[in-house]
Amino acid sequence: MASLSGVAERARGGLRLRRPTGASVRHGIATVLALAVALAVLPQVLSLYYIDAMMQVAVYAIVALGLGVLVGRVGLYSLGQAAVLAIGAWVAARILFASSLPFPIVLLAAGAVTMVLGTLVGAPALRMRGLYLALITLMLAGAITVVLATTNFPNGGHGFLGYNGSLLHIPPIRRPAIATSDPAYFRYAVVVAALMFLLVLVHLRTRPGRAWAAIRQSEPAALAAGINVTLYKLWAFALASFITGVAGGVLAGAVHYLYSIDFQTQDSITLLAVVLMGGAYSAWGAIVAALLLELLPAILHNAGVSADWLTILFGVGVLGALTTAPAGIVDQFPKDMARLGRLLTRLARQLGRRRPALERGR
Amino acid sequence: MPSWQDFQPFIVSGLALGGVYALSGVGIVVLYRATGVVYLAFGAVGAMGALIAWSLINHAHAPQWLAWIVCILFGALVTLAYGTVFGPALAKRPPLVKAVATLGLMLVLFGAMDLLWTTSGGASRALTLPTDNDTFMIGQVQVNYTQVIALALGIVIAAATGAFLRYTGLGTAMRAVANDREIAGTLGVPVRRVEAVAWFGCGVLAGAAGLLLADLVALDATTLTFLVISSLAAALIARLRSIAWTVVAALVVGLVHDLLTPIQSLTNYRDMTPFVLAALALLALSGRQVMSLSREEA
Amino acid sequence: MRTIDHLARRRGAFAHRPSALAAIALAAIAIAGCGSSAHHKSAAASTSHSTTATTPATTTSSSTVSASQCGPKPGVKATGSPIALGAIVTNQPGTSFTDIANMAKAYFTCVNDNGGVNGHPIKYYIETEQTNPAQIAGEAKQLVQSDHVLGLVGNTSIIECSVDHKYLASIGFYAIASGIAPECYSTPNYADVNMGPRYSSDGAVQYAISQHVSKIVFDQSNVPGTGYIAGGPDAIAKAAHVPIVNLTENVPISDANSVAIKEVDDAGPNGAVVLNFTPPEALVILQAAQKLGLEDRVKLWACSTPCNTDFLAKSLGPKWNGKLFVNAELMPPDSSNTPTMNLYKAIFKQYGSAVSGGIGSFSQMGFTEAEIAVHALESIKGPYTVKSVNAAFRAVRNFNTGMLCQLWTYGDYPVHIANNEDYTVTPHNGRMVLAKGCTPISSVDPQVAAYRKAAGMAPLAPGQPTG
């Protein structure tokens, strides 16, 4: 339980960054290694089938990160992130068809529009408490899904909606000129994802992150300490919406063709499930979540295992995460490993102590 | 703009749809008032029960009444099992976490249903109830008794459980436990027994609703599982508090949904009705504290 | 701090783990005992599901054709090096085309059991997808690069043609498919045995017009390409001066009542309701119409080819005899007693346990595609490579499939609508029977006209309803 003064102190910490600890140095090295593998090794080693799956992993890692910020840092369980992703993809597709703006600008535009929409919608909704906020995101996602089913995604047509249902040849959504092939676009997606992760990390280490920590610990205490709770909650919404919008843009380029059937309510629910399983409190949790959501099904599909087993796994995972491992696999796994390690060391020590006794007793 | 004549048949079908929403909506509100959990797996449980009944009727050639009883019992037992295992484990968590946990149950059931009863594009399953064939006319529209039963059941259950929760000892105990489990326990309420009765009762309701919805809507796992989200809208409009208002809200949602059908410019968007109405209601009513807070909420 | 759970347990009040476990066990037994389809095959094939649709009675007793006629050497198992073929089919709630691929697989298995293709068995890889472009693109690459398939036979997908046609063009694949998306008919790399939603709906609308209805309501499922699909019926109705209303519904349909009422109201007593849905969705609408007592409030109901299954005829019941008219892209099985039809039924009976929809359009398509593929493969003299197999597919010309109105040609054209004449069937006491024989799809549909021109056929085939 933090004291009021402790909360206030933390919140007013300003832009001072914390000194790196041993753990965070290890984390940093692991991150750099993972990035190196993703950029250099994977595109050479994986088949195109798995490259396509990993592109999705990159996209959904960003989405999971956004949801993780909402759930883990501010306690907002959004049940509508698939709809937010859809909006980002829609905006990106519309701009890509309507103009020849460079791809990074399109991504930023998609992120910005999604951020504005997310904040506009989020603002009145923030008056509500946890359960109702979650349920209203579910309702809004349902509404957006229906709208998308009718307006469809842009496919090169004219008008605001940019959808022409009578086309005989649907043009594909373009990719950046430097990354048209699948392996190249995978690298591009990884770079964008890394940038989004960096953006979130900067937030977490500076004032917003401290404010969010204070709010998560005790909202009344944070209020009393002078933190503008509503502002920081909105900031979290805006950040999550922005990066999810950018992810939507990356998705548009990845799949070339967007269909409303790929953004259903069920997808929002499974997204929350994997974020809870992977761990909403760390960046690595988001990557684990994306691997569960996009790579695991691809592997199982190849092995001939029905995707239904995965749905069941996610359901069990949600229950497990909420009852026993609230911080997710990413938090639980090292703990379990550490526990295993301690068990093994203890056993080894006991054996070591017994051996001399045995020898003496000979 | 369509004429009154055009709207008329949709009033009847809208009320029938409202009855469908009311059935699930009432079930959710009742369970929330009794245990503090928004049971999002309500639809999935009912769907699985209905599919089991279907298998019994079509493969094991069991008599219909036996299949219905199995379906209702299945709903009751699964819900009871869930409540017994995960109720205490999550008791201290906020209602939000408890609701999200039921999503876990929903996913498990949903995956199991698709595994055991695979969907095929060439054929579909159907569950018929004997009341399907008894019909009467309202205006130019034919109504069957299954629709009447669905609507009536929603209303009856709303009234009965409302009275039960308010006027009986067990009902009061349920509300106390839902409001604050710890204090109710220290006051001498047999918490786990009370909760068990609440879960079991609502499981029965889920099973019965599953049968009726499978008949009225479709015997399809996806449709029935996610129908709960539209029904949830009615429950939310009633702020998860008033069972009577849930029924009214459900009827309004059903009516508006179907009345939009003949309006050309809006007809494709009519599936949004539950969501838009719920969102508007929640936003309009959230100015003040609008729900019964259990201590964990704060 | 002692929680109330502790207190409860100590006081011996409710409920302890044992009874909870018992409850779970009971439920588990209930599930295990009551789940249908006891075995679960891989995701590649749907589980066997004995619905009431697959009645053995549909195989005529006069059938003297045994399934072994499918191959050149009856009874001799093929043992040479396998020829790998692949298929990508949609399989998701509300839309599943696994029947088509499974029937093709049944045919290939039969051929493998009876001599193979010049002694070589066919190895058939079926990939299912859920209308996810990334997944579909990945699966195409999986089939080609990892499974090393030499050709694609049996592709049936809402969007696969759109997603993959450029890739197929780049690797020189010419697929034999049952098309749905526009690109299945408008690109060089796909040729279909069916007519697809647009041209099949054309046929249904044409039939309705031939019965002198005064208005048409065309309702279809809201899947990608509704504008393209509606383009054909619009053109045909316009040319016949019959007003047409275009509707779409989100699937799976959750409120069939309002859909049925809307359709009937819009059509009026002398109008026709034409549906373009998969069988379960069409059934839900028609049953709702019946429950509401609306089935006689329009002049007739019509449906594109997916409705052509005995399952639908059986589920609808006798009230719909002669009330519903279904466009049949392939020869009606219950009204035909030809050797090919009997072979199809025999293969279905012996090898088609995974085909859950039974005798009907979908499984017929699978049979026909496999038939064409085997015919093409048998013509290859040298080694079986991507080049030789796809060249053989492309070279198929005027082949009598025994299932279609016309001879089938792959053709080297920019547009492929090889099957452009249809039958019309109607339910009769649980089966689909012939209502009208081979009728060409009108060239009023500009795409059909374009194909006929490219293929060198007469622009307006005889028997074409005019005005």
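Every chain is numbered from 1, with letters handed out A, B, ... down the list of sequences.
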Enquirer: Could you look at A99(B) and say if it's the side chain, the backbone, both or neither that has a heavy atom under 4.5 Å from chain A?
Expert: side chain
Enquirer: What is the distance from atom CG of L322(A) to atom NZ of K98(B), rounded to the nearest 0.5 Å?
Expert: 12.5 Å
Enquirer: Is any side-chain heavy atom of M139(A) less than 4.5 Å from a side-chain heavy atom of L277(B)?
Expert: no
Enquirer: What's the separation between atom CG in L131(A) and atom CG in L236(B), rounded to the nearest 0.5 Å?
Expert: 8.0 Å
Enquirer: Heavy-atom distance under 4.5 Å to chain A: side chain of M113(B), backbone, both or neither?
Expert: neither
Enquirer: Decide yes or no for L232(B) and L135(A): does some side-chain heavy atom of the first lie under 4.5 Å from some side-chain heavy atom of the second?
Expert: yes
Enquirer: I'd like to check V85(B) versus L319(A) (side-chain heavy atoms, cut-off strictly below 4.5 Å). Are they in contact?
Expert: no
Enquirer: L133(A), V147(A), T265(A): which one forms the most heavy-atom pairs within less than 4.5 Å of chain B?
Expert: V147(A)
Enquirer: Search all heavy atoms of L96(B) against all heavy atoms of A134(A) and return the closest pair with its distance.
Expert: CD1-CB, 3.4 Å
Enquirer: Run the side chain to side chain contact (heavy atoms under 4.5 Å, CB included) check on T151(A) and Y269(B) step by step: do they pass?
Expert: CA-CA 10 Å; T151(A) 60; Y269(B) 298 100; 3.7 Å; yes
Enquirer: Can you tell which part of A143(A) gets under 4.5 Å to a heavy atom of chain B, answering side chain, backbone, both or neither?
Expert: both
Enquirer: Do you know which of T150(A), L272(A), V318(A), I144(A) has the most heavy-atom pairs with chain B at a distance under 4.5 angstrom?
Expert: T150(A)
Enquirer: Pick one of side chain, backbone, both or neither for L90(B), based on which atoms fall under 4.5 Å of a heavy atom in chain A.
Expert: side chain
Enquirer: Please name the residue in the list L40(B), V100(B), L107(B) that meets the side chain to side chain contact (heavy atoms under 4.5 Å, CB included) test with I269(A).
Expert: L107(B)
Enquirer: Using only atom types and a distance under 3.5 Å, with no angle test, would you say the side chain of Y132(A) pairs donor to acceptor with the backbone of R239(B)?
Expert: yes
Enquirer: Any side-chain heavy-atom pair from Q266(A) and F110(B) closer than 4.5 angstrom?
Expert: yes
Enquirer: Under 4.5 Å from any heavy atom of chain A, what part of F86(B) do you find: side chain, backbone, both or neither?
Expert: side chain
